[in-house]
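Side chains are part of it too, since the values below use all heavy atoms of this structure and drop only hydrogens, waters and symmetry mates. When a ligand or atom number is given, it counts from 1 through the structure's own listing order. Here, residue 1 is the first one in the sequence, and each next residue gets the next number.
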Amino acid sequence: MFRIALIPGDGIGPDIIKQAVKVMKSLEKPGEIEFEFTEVLAGGAAIDKTGHPLPQESLDICLQSDAVLLGAVGGPKWDTLPGDLRPEQALLGLRKALGVFANLRPAVLFPQLKNASPLKEDIIGDGIDVLVVRELIGGIYFGKRGREGDTAYDTESYSVPEVERIARVAFDTARKRRHKVTSVDKANILESSRLWRETVTRIAKDYPDIELNHLYVDNCAMQLIRDPHQFDVIVTSNMFGDILSDEASMLVGSLGMLPSASLGNTKRGFYEPIHGSAPDIAGQDKANPLATILSVAMMLRYSFDLTREADDIEQAVAKVLEDGYRTADIMEPGMKLVGTERMGDLVVEYLKCS
Ligand code: IPM
Ligand code: MG
């Protein structure tokens, strides 16, 4: 029995989580693969009910589960709240409490969605497959911040152990891919980046089979568009990873397609699509559930060792796209427009055929 804490959250969160649950239920086999779902309140929804973005009870349920699946949190409704009471605090609080320091964000171009990429065909070539490994519970997101008089400050700091562990995740992951790691920093300016670069270079000695190079973050942002094929695994800090992963997601067509997995030292993982809560289309059967469904595939692979089922989900998604079904965000002329529910049903139908 795998225990999953479900956080529908805000905006389109509930719409897409419903589809992900549908897909998981379709994989159940009594006595073999069984899921137990517990719904958890967090984000704006929790603020409305309890006054706090991450109630203790919600956190406790997540800490007792084998995996957490989150839809999305936030929305304009809560934008005027003070920083420490915003819905985003639920996300940061959960990541920190679960100790998930490594955020894996794969940007893969499904060949079926070639036209959705803004890049020219000769740059796309035979596809794009980049994995951003983002440090998730350190850096400027969690450093000392405050105000003094008319000045505000936020602090970027990294310790050697924090860099070592994320570097190891990047090198280990590159071993299962194309054996290349690009470490991204701003070592021409930031002391924390110089420590980052030194540490990554030292850890690389344990991985002689992996090719390592370093790029400054501004150069990396440019290179991702100029020639995405030079990248296999990109390892970087919390803030740079936040920015570069949004950029990478656009290269492959839609934010609505990209899943993510956040891992720590145990099998317990935190899974979420990388897109936001899109309040303008919430509850209208318009959201693309594929990023969340692909996040489920990552959950099955990393937390539950259900590799075959994970592959099956990814293949079912590819086949649904192959057969021309599209939600509005990835719609193109000549394709078949479907809503959130139908897209979830299609993945289930194709899974049954696999
Ligand atoms: C992300 C998001 C979050 C982040 C926000 C919502 C706090 O942008 O997961 O990329 O900055 O980490
Ligand atoms: Mg982001």
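Taking a 6.0 Å sphere around NZ of K352, one finds it holds 12 or fewer heavy atoms contributed by other residues, nucleotides or ligands. No more than 12 heavy-atom neighbours from other residues, nucleotides or ligands sit within 6.0 angstrom of CG on D150.
Proximity of R105 to ligand 1 is established by a heavy-atom distance of less than 4.0 Å. The closest approach between any non-hydrogen atom of E272 and ligand 1 is not below 4.0 Å.
Ion pairing between a basic and an acidic side chain is recognised when a charged N comes within 4.0 Å of a carboxylate O; D311 and R301 show such pairing. E34 has no carboxylate O lying under 4.0 Å from a charged side-chain N of K29, or vice versa, which leaves the two without a salt bridge. Using a 4.0 Å cut-off between a side-chain N of Lys or Arg and a carboxylate O of Asp or Glu, K186 and D218 qualify as a salt bridge. Between D154 and R145, at least one side-chain nitrogen of the basic residue sits less than 4.0 Å from a carboxylate oxygen of the acidic one, meeting the salt-bridge criterion.
Y141 OH, 2.6 Å is the protein heavy atom nearest to atom 11 (O) of ligand 1. Atom 8 (O) of ligand 1 has as its closest protein heavy atom D242 OD1, 3.2 Å.
Note on ring orientation: taking the six-membered ring where Trp is involved, the planes of F304 and F2 are parallel (angle under 30°, cut-offs 30° and 60°).
Of the heavy atoms in R134, only side-chain atoms (C-beta onward) come closer than 4.0 Å to ligand 1. The proximity of R86 to ligand 1, defined as any non-hydrogen pair under 4.0 Å, does not occur for either the backbone or the side chain.
Remark: ligand 1 atoms within the under-4.0 Å shell around heavy atoms of R95 are 1 (C), 4 (C), 9 (O), 12 (O).
Exactly one residue among K267, R268, R3 makes a side chain to side chain donor-acceptor pair (under 3.5 Å) with D66. That residue is R3.
Closer than 2.8 Å to the Mg ion (ligand 2) sit the protein N, O or S atoms D242 OD1.
The side chain to side chain donor-acceptor pair (under 3.5 Å) check on R326 picks up nothing, with sequence neighbours excluded.
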